[in-house]
Structures are given as C-alpha cells and as structure tokens.
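Convention: sequence-line order gives letters A, B, ...; per-chain numbering from 1.
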Amino acid sequence: MNVSLIGCKKLPAKLLTNMITKLTRKQKAQIPTYIKKWVDLAAEPIDRTKIKSIFNKIYGKDKVIVIGESFQNMLDLIRVAIEGKKIELYNQLYNQLYNQLRNQLSNQLTDQQNLKWSYYVSYYLYDWAGYYDYAKNIGIKFDEASLQQYFDILLNIPIVVFIGDVIFVCEKPKISWNNSLLHHDKLPAIRWADGTGIYFLNSVRFEKELFTKVVSGTMPFKDILSIVDIDQRTQAMRYGDVWEFIKYANAEKLDEYTKFRQDGTELHYWLYKFPKGDIFTEDAYYCIYDDLVPESIKQYMSGVVPCSTVAEAMSWKFSDDTFTLTPEDWKQLVPGVNQN
Amino acid sequence: MKNYAHQGDIIFVPVTSKVVGKKQTKVTVGWGEVTGHTHDVHCDDMRVEKTDEGFILVLGSEGRVTHQEHKDIVLAPGTYAVRHEREFDWMQKTTRQVVD
C-alpha cells in the first residue's frame, strides 16, 4: 500500500504552483473559520462509500474492508477476526494505538505472533489539511485531484488498522471541547455512537471508574489525595474544594510565599500542616501552589516532607539523593525568566 | 546565581560532568502520561547521555525547552543534568517522582 500517501505531512512542493507572501485583512479574518471547519470535520461521520474506492485506487484491487462502529467495536472485530490464533492482541493493540509505542510493540507483536499488521491515525494531519483548505480558498493553486484525494483519505479513514489482507476502519467519534481542551464532565469527551469512549477532564485522560468517582462530587478528599497522577489529582480537586478541605481538616498554615511573573501577576505558594486524625495517621505536610502557566487557574496540591517554609518545601521537591536545590536557589528561580 | 532552569515538573541543573553523549538536535526529557504533553529540548549543538538518574545534556550553543502548555525557557550553553520533581505521599508514606 502506498502508506506514504496517507502519511505524507506536506504535499509535494511541485503541487504548489504559486505563492502568496502577504495576507490581506479579509484573508486573515477567515483563518478562525477554517480552524473551526476542520475541528468540526474531525467529528463528522465517515463516508463509507468512498472508503472502498480509496483503497481500490491505492491497491488496484478489492480488499476486505471492515468498519468498526467505535474504537472498541473495531478492536472487538479484530479480536474476532484473529480468534484461534490465541493471541492477546486486543489490549496490546489498544495500548498501541493509545500510546503510539508503534515501533517497539509492533516489532514485538510481529515477532511473537507471526502476523503482519500496522495502523495509522490521521487526526494529527487535520491541521495541515485545514491549512491547505484555507490556502486554496485564498488563491493558492493546488493539483486539485491530489488535494481532494488527500482530504478524502483524512476525512474518511481517520483510524485504520491493516492486518494481513483485511483493513479495519473506525467510524469517527463525537468530540467535546472546552476552551480548546478535550472535556466533558458527564460523558466521554471522545465518544462513539455505541456509548464507548475515552474520558477527559480538561484534556487529562481518566479511566471510566476514576472519572465516575471524581465527577460525582462525593469522592472523599483523602481518596483524591491518593490519586498518583498529579494532573488527575488536580482535576479531581476541582470537584472537591481544597480550601474547604483545609478548613474541614483543621490544617495549619505554616508559611506562604509570592513570586511575580514578568507581567507583574502573582504566583502564590502555601505550606500547610494537616494534623494527625481521621485522615492522616501522622501530621502531614502539603504545598499548594498556582500553576506556572500564566493563563491557568489550576492550583496543585503536593505532599512534602516536614518543613517550616515554602522555600524549604519547594526546594526539597526539586532535589534528590544526588542533588540538593537550596531554598535560596529556589527563590532565585524567576517565573518567566528561568522558570516557566 | 547558578544557571538553573525550571519548566513544569522538570529542572535543569548545571553540572560539570564529563560526558561523551550522542549528537542530537532534539530530545524529549519528560512526557505526561495522561496529557501526552512533552518537555523537549532543542539545540543545534547538543550531546545527550541517558543515565539512571535521567539525562545529561551538553549544549554547545543556546538551547530552548518547549512544552505544549508551559512557555519556552532558554538554556545557556553548558552541561545540565535533567532532574524530575518529587513529592511525598502521606497516604503511602513514600517519596515518589511526580507523575503527570
């Protein structure tokens, strides 16, 4: 198969026959329209009648094409198709697609299972497609047939898995965004018609079980603090008010410290001691601090060893067995200069 | 003042290690498991060595650290050890690397 056709990041330069060096105000104003258009197209159903003709053109002959109604369904179909070979492709393939550990595990699977397979996810090319679409609109000349074929592939073959002579294509999901972040606090932010999907809160991925607990708003704060992943923990904290928790746990503020970004905005740090009691079996120390990202309203809560100042706590966080960042060193890190 | 640099959960520590390393113009020194975001160091003249503690980077010219959310930071030429933020888990009573 001519995978490079799907995989090509840029159209060959020879297909571009003219150049625009400066955009007019009107042309600039159209950019958001094309961004929205291609974000929306990412969630439009695939045109199933086109898929066959696309692969016929690529291979020059008929191929068996199986459409999965969802990502889960596609994986189930793949599992059924290879049943009898007693392989555990299902989960491994899921992880493959998800984590894009394509080279390492692909070799592993191929070696172990003696099965030729590969996959492609084309979503990351939508920004290029939107760019070409916009460029065409403002007068850049393209080879029309090639450009249309490129669009057809991206729009109708978003997720494809090739196993032997069979091609599995996945239907496109619905996608929920919040401020350009994958987000939905009731449903999977990426979801298919059969109800399956992938859960996100502000672009942080959750397994369904943890997601359900977090968005219920009833997750005990000690369970929230037990979430290992700091991004998931921070999202979970939004559903359980950290300052309410401080009051409830009768925590004592030991210190606070403020840094200033280059634009003058403040970056706050607090150090709290939570007394031994129902939640902690001994006195526990936590730093709460604003996100370094200027536009963010996130606050992190992270455990530290017993100490009495924010600078001690934060410098401990960035030290290890072989290196010590001193509290003074930490104070010298300036947001927007050598700290971002 | 030492040339420390900090981006998110990664800190760049100036060191005097003598390393050979592999020539690269880009290296990913941190990866967010649930966000997919990466801390990438870009430099035209860089040697990279992977150690048990992390990466050692030898920058012959100015480098730039990028991330999908955080703003870029600039690394002056020099040798840096890449270290990762840690935290204390008061439920498990263990120290661990911050996972994001």
Side-chain angles (χ1 to χ4, degrees), chain A residues 98-100 181 200 202-206 222-223 225-235 274 279-287 291-296 300-306 313-314 316-323 325-326 328-330 332-340, chain B residues 1-17 28 30-39 51-54 56 62-76 78 80-100:
Chain A
Y98 215 95
N99 296 324
Q100 300 189 7
L181 300 174
F200 290 88
N202 296 298
S203 275
V204 174
R205 180 166 54 86
F206 283 80
K222 65 176 182 179
D223 291 349
L225 291 178
S226 296
I227 297 174
V228 172
D229 188 286
I230 195 168
D231 285 314
Q232 289 182 331
R233 191 189 321 147
T234 302
Q235 292 304 321
F274 290 79
I279 301 164
F280 299 104
T281 56
E282 59 187 292
D283 290 349
Y285 296 74
Y286 280 86
C287 248
D291 194 349
L292 281 164
V293 178
E295 305 78 24
S296 171
Y300 290 98
M301 182 171 182
S302 185
V304 293
V305 292
M314 293 305 292
W316 174 82
K317 284 174 70 59
F318 286 100
S319 301
D320 60 27
D321 295 341
T322 60
F323 157 71
L325 185 76
T326 68
E328 280 310 308
D329 288 335
W330 178 77
Q332 296 294 324
L333 290 169
V334 182
V337 179
N338 54 356
Q339 184 180 36
N340 267 326
Chain B
M1 178 185 160
K2 293 173 187 166
N3 270 337
Y4 292 118
H6 166 213
Q7 188 186 58
D9 54 355
I10 300 284
I11 189 163
F12 297 87
V13 180
V15 291
T16 52
S17 311
T28 298
W31 182 65
E33 196 172 314
V34 295
T35 57
H37 295 161
T38 54
H39 297 274
T51 67
D52 290 344
E53 289 80 31
I56 304 277
E62 193 174 86
R64 181 167 290 276
V65 190
T66 62
H67 184 271
Q68 288 82 352
E69 281 190 324
H70 295 280
K71 289 197 185 306
D72 294 359
I73 51 172
V74 172
L75 293 176
Y80 296 86
V82 181
R83 292 287 185 264
H84 209 283
E85 184 181 355
R86 64 179 171 175
E87 64 184 350
F88 193 79
D89 182 336
W90 283 97
M91 300 297 174
Q92 303 295 324
K93 298 191 174 56
T94 56
T95 299
R96 64 170 181 234
Q97 185 174 299
V98 166
V99 179
D100 74 354

Separation between NZ of B/K71 and CD of A/Q339, rounded to the nearest 0.5 Å: 14.0 Å
Run the side chain to side chain contact (heavy atoms under 4.5 Å, CB included) test on A/W316 and B/T95 for me, step by step, so that the C-alpha distance in whole Å, both residues' side-chain angles and the decisive distance to 0.1 Å come before the verdict. CA-CA 11 Å; A/W316 174 82; B/T95 299; 3.8 Å; yes
Option from A/L292, A/N340, A/L325 for which side chain to side chain contact (heavy atoms under 4.5 Å, CB included) with B/H6 holds: A/L292
Using heavy-atom distances under 4.5 Å, tell me whether A/F280 contacts chain B through its side chain, its backbone, both, or neither. side chain
Separation between CE (B/M91) and CD1 (A/I227), nearest 0.5 Å, reads 11.0 Å
Heavy atoms only: give me the nearest B/E87-A/R233 pair and the separation to one decimal. OE2-NH2, 2.7 Å
Answer yes or no: is there a donor N or O on one side and an acceptor on the other, between the side chain of B/W90 and the main chain of A/V304, under 3.5 Å? yes
Nearest-0.5 Å distance that lies between atom CG in B/D9 and atom CZ in A/F318: 7.0 Å
Contacting moiety of A/N202, where chain B heavy atoms sit under 4.5 Å: neither
Nearest heavy-atom pair of A/N338 and B/I73: which atoms, and what distance? C-CG2, 4.3 Å
For B/V13 and A/F323, work out which heavy atoms get closest and say how close. CG1-CE1, 3.3 Å
In terms of heavy-atom proximity below 4.5 Å to chain B, should A/S319 be classed as side chain, backbone, both, or neither? both
Between CD of B/E69 and OG of A/S203, what distance do you get to the nearest 0.5 Å? 7.5 Å
What part of A/Y286 gets closer than 4.5 Å to chain B, counting heavy atoms only: side chain, backbone, both or neither? side chain
Heavy-atom distances under 4.5 Å only: say whether A/L181 touches chain B with side chain, backbone, both or neither. neither
List the atom of B/R83, the atom of A/T322, and the distance in Å for their closest heavy-atom pair. NH2-OG1, 3.3 Å
So which part of A/D223 gets closer than 4.5 Å to some heavy atom of chain B, the side chain, the backbone, both or neither? neither
Write down the atom of B/V98, the atom of A/K317, and the distance for their closest heavy-atom approach. CG2-NZ, 4.2 Å
